[in-house]
Amino acid sequence: MYALVDCNNFYASCERLFRPGLNLRPVVVLSNNDGCIIARSNEAKQLGLVMGDPYFKKKAFLRQHGVEVFSSNYALYGDLSNRVMTVLQQLEPEVEIYSIDEAFVRLPAQSGRSSVEQGLEIKKRVDRWVGIPVSVGIGTTKTLAKLAATIAKKDERHNGVFCLDDSPGQENILSAIQVNKVWGVGKRSTQKLNSRGIYTALDLQQSDNRWIRKILGLSCERTVMELRGQPSIPLEETPPCRKSVVSSRSFRKPVRELAALKEAVSSYISIAANKLRKQGLVAANLHVFLATSRFRTDIPRFSGSRMAVLPQPTASTSPLIKAGMRELILLYREGYPYNKAGIMLTGLSRAALRQQNLFLPAESKRDRQLMAAVDQINERWGRDALRYASSGLRREWSMKQSRKSPAYTTSWAELPIVR
DNA sequence: TCTGGGGTCCTAGGACCC
DNA sequence: TCTGGGGTCCTAGGACCC
């Protein structure tokens, strides 16, 4: 059996962990730049707040209902996520970390306990050792486990653990689930399925899989097989090598000048290059992109991207910035109020196995040492302690985060004090 | 005034190879 | 009159996920 362990309202639960006074209060967490609501406690859900609601539209409502609002604090969420995953890995031999707040776990058959008992044990242990509430869904495939988890979360009779096995009642349960709730079935596929008379998870399970493949492709055919209890999406314990690294942000307010865009793009490149080095990778290509607001139809709009092929694969910040600046200048059009810029690194390979350029000198040892020194200093003193001048000093474009909680667990200066 | 960020996989079509 | 067959690689766009 597979279990999906899913942290309940993860970001909101993280914020509550160090503010237990908020435990029965409505809490929401905002996306970067304090843009949208991306996490809600159950109380906030009950107030009718929706995932993706723009903050500025709900500000008054939130104040009126005494909702506690947080900017996102990824240092905190990342650290608590690691703790949850560590507990799972101590408890079970096979764990796939699926996202920041979810993991698939294989439940061993010969444990002498039912799978629901094992699920309850997992839930109890995470609660006790980390303090984050989780739901556990169990099934013979990952897709069924995901589905079971939505039931575990919604229906309080199950104490947060639900098993969707092949018992006779399964059909009733599947027939009560809308097809768009199935993992892998999104908005577009739902439209196509609905127009062909398929509305529920049961309808999909009973469709002809060849026919589904013709209409919706291979991925959806796999989903059908999985709904029938036939594993078609394997557990991936060791994550495959990353294929791209992205760094992008919305600006605090629209930016028109090239100079400010250069600072932003330099900063994003610095962040991404550091990520590359941390994982022992190098990139062969750098993409730069630039866009005005998607939501303003009353002003001129522009969105575009350019790619540079680097002279040789690298993880050094300066050649990446050099290439990025060149592409940005070519991409930039004067007179637009840009609201977002970003970069993407692709063509990744392991630094140790990189393909050298026959006609260029290999990257020097000095260069590597410089990067290692920069990373070390920034690890110790914070991301921006030492940075390239091209990424700017005043950074008026930098994102808004007006309601951020302390980095309780990852910064000595911000440790909570117990009296 | 104000609407996030970071990923993956699949498919079709074009370019190219022998 | 008539113009093969079997491949690979790359890219862009679509769809999906959290």
So [X], base contact, sugar-phosphate only, or nothing? Heavy-atom distance under 4.0 Å.
{"X": "A:Ser189", "value": "sugar-phosphate"}
{"X": "A:Asp101", "value": "sugar-phosphate"}
{"X": "A:Asp53", "value": "nothing"}
{"X": "A:Lys59", "value": "nothing"}
{"X": "A:Tyr98", "value": "sugar-phosphate"}
{"X": "A:Lys146", "value": "sugar-phosphate"}

Taking atom [atom2] of [N] as reference, at what distance in whole Å does atom [atom1] of [X] sit?
{"X": "A:Ile100", "N": "B:dG6", "atom1": "CD1", "atom2": "P", "value": "12 Å"}
{"X": "A:Leu281", "N": "B:dG6", "atom1": "CG", "atom2": "P", "value": "17 Å"}
{"X": "A:His287", "N": "B:dG7", "atom1": "NE2", "atom2": "P", "value": "13 Å"}
{"X": "A:Ile97", "N": "B:dG6", "atom1": "CD1", "atom2": "C1'", "value": "17 Å"}
{"X": "A:Asn8", "N": "C:dC18", "atom1": "CG", "atom2": "P", "value": "15 Å"}
{"X": "A:Phe289", "N": "C:dG13", "atom1": "CZ", "atom2": "C1'", "value": "16 Å"}
{"X": "A:Asn73", "N": "B:dG4", "atom1": "CG", "atom2": "C1'", "value": "16 Å"}
{"X": "A:Phe56", "N": "B:dT3", "atom1": "CZ", "atom2": "P", "value": "7 Å"}

Practice problem: By nearest nucleotide on DNA chain B, pick out whichever of A:Cys36 and A:Ser219 is the more 5' one. | Solution: A:Cys36
Quiz item: With no hydrogens and no angle check, is any side-chain donor or acceptor of A:Ser189 less than 3.5 Å from a backbone partner on A:Val185?
Solution: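 Answer holds: no.
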State, yes or no, whether a side-chain contact exists between [X] and [Y] at a heavy-atom distance under 4.5 Å.
{"X": "A:Leu147", "Y": "A:Leu227", "value": "yes"}
{"X": "A:Asn339", "Y": "A:Phe295", "value": "no"}
{"X": "A:Lys142", "Y": "A:Leu4", "value": "no"}

Candidate nucleotides [options], ranked by approach to the side chain of [X] - the nearest:
{"X": "A:Leu218", "options": "B:dT11, B:dG4, C:dC18", "result": "B:dT11"}
{"X": "A:Lys275", "options": "C:dC16, C:dC18, B:dG7", "result": "B:dG7"}
{"X": "A:Trp183", "options": "C:dA15, C:dC18, B:dC10", "result": "C:dC18"}

Quiz item: Which is it for A:Ile271 and A:Arg249 under the side-chain contact (heavy atoms from CB on, under 4.5 Å) test, yes or no, and what are the steps along the way?
Solution: CA-CA 12 Å; A:Ile271 293 168; A:Arg249 300 280 183 280; 4.2 Å; yes
With a cut-off of less than 4.0 Å, is there a side-chain N or O of [X] near OP1 or OP2 of [N]?
{"X": "A:Lys214", "N": "B:dT11", "result": "no"}
{"X": "A:Lys58", "N": "B:dC2", "result": "no"}
{"X": "A:Arg296", "N": "B:dC2", "result": "yes"}
{"X": "A:Arg213", "N": "B:dC10", "result": "no"}
{"X": "A:Asn33", "N": "B:dC2", "result": "no"}

Ion pair present between [X] and [Y], side-chain N to carboxylate O less than 4.0 angstrom?
{"X": "A:Lys146", "Y": "A:Glu102", "result": "yes"}
{"X": "A:Asp384", "Y": "A:Arg395", "result": "yes"}
{"X": "A:Arg157", "Y": "A:Asp155", "result": "yes"}

Exercise. Name the orientation class of the two ring planes belonging to A:Tyr74 and A:Tyr77 (parallel below 30°, tilted from 30 to 60°, perpendicular beyond 60°).
Key: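 Rings of A:Tyr74 and A:Tyr77: perpendicular, as their planes differ by over 60°.
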Practice problem: Using the six-membered ring wherever Trp is involved, compare the ring planes of A:Trp397 and A:Phe251 and label them parallel, tilted or perpendicular (cut-offs 30° and 60°). | Solution: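 Rings of A:Trp397 and A:Phe251: perpendicular, over 60°.
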Practice problem: Fill in the dot-bracket string of DNA chain B, one character per base: . for unpaired, | for a pair to another strand, ( ) or [ ] for pairs within the strand, taking Watson-Crick or G-U pairs under 3.5 Å. | Solution: ....||||||||||||||
Quiz item: Would you say the side chains of A:Ser316 and A:Asp367 form a donor-acceptor pair under 3.5 Å?
Solution: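 Yes, side-chain donor-acceptor contact under 3.5 Å.
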Quiz item: Among residues 224-258 of chain A, which residues get a heavy atom nearer than 4.0 Å to DNA chain B?
Solution: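 Heavy-atom contacts with DNA chain B come from A:Arg242, A:Lys243, A:Ser244, A:Val245, A:Val246, A:Ser247, A:Ser248, A:Arg249, A:Ser250.
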Self-check item: P gap between C:dC18 and B:dT3, integer Å
Solution: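 Pairwise P distance, C:dC18 against B:dT3, rounds to 25 Å.
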